[in-house]
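Each remark here refers to the structure printed beneath this line.
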Amino acid sequence: MAAGLASKCSRVGCSLLGGLGNNLSGLLSTSHETTSCTFLSQQQRTFIQMRTVLKVVDNSGAKKVMCIQALKANKKGARLGDTIVASVKEAHPNGKVKKGKVVYGVVVRAAMQRGRCDGSGVKFDDNAVVLVDKQGQPIGTRVFGPVPHELRKKKHVKILSLAEHIA
């Protein structure tokens, strides 16, 4: 009975039993290894790929965009500083960019962690983008929120100069 309950706990992931499976392991006479009951408290952080919805953090007029394709990135998707092609899903009524327009954007915040040269890592709570034209110049005149200094290596110095906070 206890062995069946402990194995069920390890298969189900201790969803209802909590830590009861660890207490039952002392009652077992066999030497079965019990798995620890850990939960994924956060969603898996991945690359910015096709159909990812991103927040726009400039004053170009768009609120949200959906990624169509990642340019100059690896097969998996875009990371910090990469350029993407996106479609505007929500926009302000009097903005420069209208809903449905296909635009270019530079990823300035990504939920996926990126390692730095000094051994530290940087990750953000949301995925955010700054809209740019084909030459890479920003459409808006202001950038809101923190922007990582890794954009300097990717030659997006104009975005860094418009940002109010560099992380």
Taking the side chain as every heavy atom from C-beta outward, state whether V85 and Y104 have any pair of such atoms under 4.5 Å apart. yes
Quick one: which of V88, L131, T141, V103 gives a side chain to side chain contact (heavy atoms under 4.5 Å, CB included) with S60? L131
Check for a donor-acceptor pair, side chain of N127 on one end and backbone N or O of L54 on the other, with a separation under 3.5 Å. no
Side chains of M66 and V53 in contact at under 4.5 Å (non-hydrogen atoms): yes
Please round to the nearest 0.5 Å and tell me the distance separating atom CG of N59 and atom NE2 of H92. 9.0 Å
Step through the shown structure and confirm whether more than 12 heavy atoms of other residues, nucleotides or ligands are within 6.0 Å of NZ on K154. yes
What are the two closest heavy atoms between A62 and V56, and how far apart are they? O-CB, 3.5 Å
Do the non-hydrogen side-chain atoms of L162 and P138 ever get within less than 4.5 Å of each other? yes
With a 4.5 Å limit on heavy-atom distance, are the side chains of R109 and D126 in contact? yes
Any idea which heavy atoms bring A70 and G77 closest together, and the distance? CB-C, 4.1 Å
Quick one: CZ on R79 to CE on M112, what's the gap to the nearest 0.5 Å? 4.5 Å
Should we count CZ of R114 as having more than 12 external heavy atoms under 6.0 Å? yes
Would you check if K76 and Q49 make a side-chain contact, meaning some heavy-atom pair closer than 4.5 Å? no
If you define the side chain from C-beta out and look only at heavy atoms, does anything of I84 sit under 4.5 Å from T52? no
Closest heavy-atom pair and its distance - V147, A163: CG2-CB, 3.7 Å
Tell me the closest heavy-atom pair linking P148 and L160, and the distance in Å. O-CD2, 3.7 Å
Please report the interatomic distance NZ(K99) to NZ(K89), rounded to the nearest 0.5 Å. 7.5 Å
Polar side-chain atom of K63 near backbone of V57 as donor-acceptor pair, under 3.5 Å: no
Does CG belonging to D118 count more than 12 external heavy atoms closer than 6.0 Å? yes
Atom NZ of K96 with >12 non-hydrogen neighbours under 6.0 angstrom: yes
Closest heavy-atom pair and its distance - F124, P146: CE2-CG, 4.1 Å
If you count heavy atoms of other groups shown closer than 6.0 angstrom to CZ of R142, is the number above 12? no
Find out if a path of hydrophobic residues (ILVMFWY) with successive side-chain heavy-atom gaps under 4.5 Å connects V130 to L71. yes
Determine whether V132 and I159 make a side-chain contact, defined as any pair of heavy atoms from C-beta on separated by less than 4.5 Å. yes
Can you check whether V65's main-chain N or O pairs, donor with acceptor, with E90's side chain at less than 3.5 Å? no
Heavy atoms of L151 and G81 approach each other most closely as CD2-CA, 3.3 Å
L80 side chain near V122 side chain, heavy-atom distance below 4.5 Å: yes
Roughly how far, to the nearest 0.5 Å, is CZ of R51 from OG of S87? 10.5 Å
Separation between NZ of K153 and SG of C117, rounded to the nearest 0.5 Å: 3.5 Å
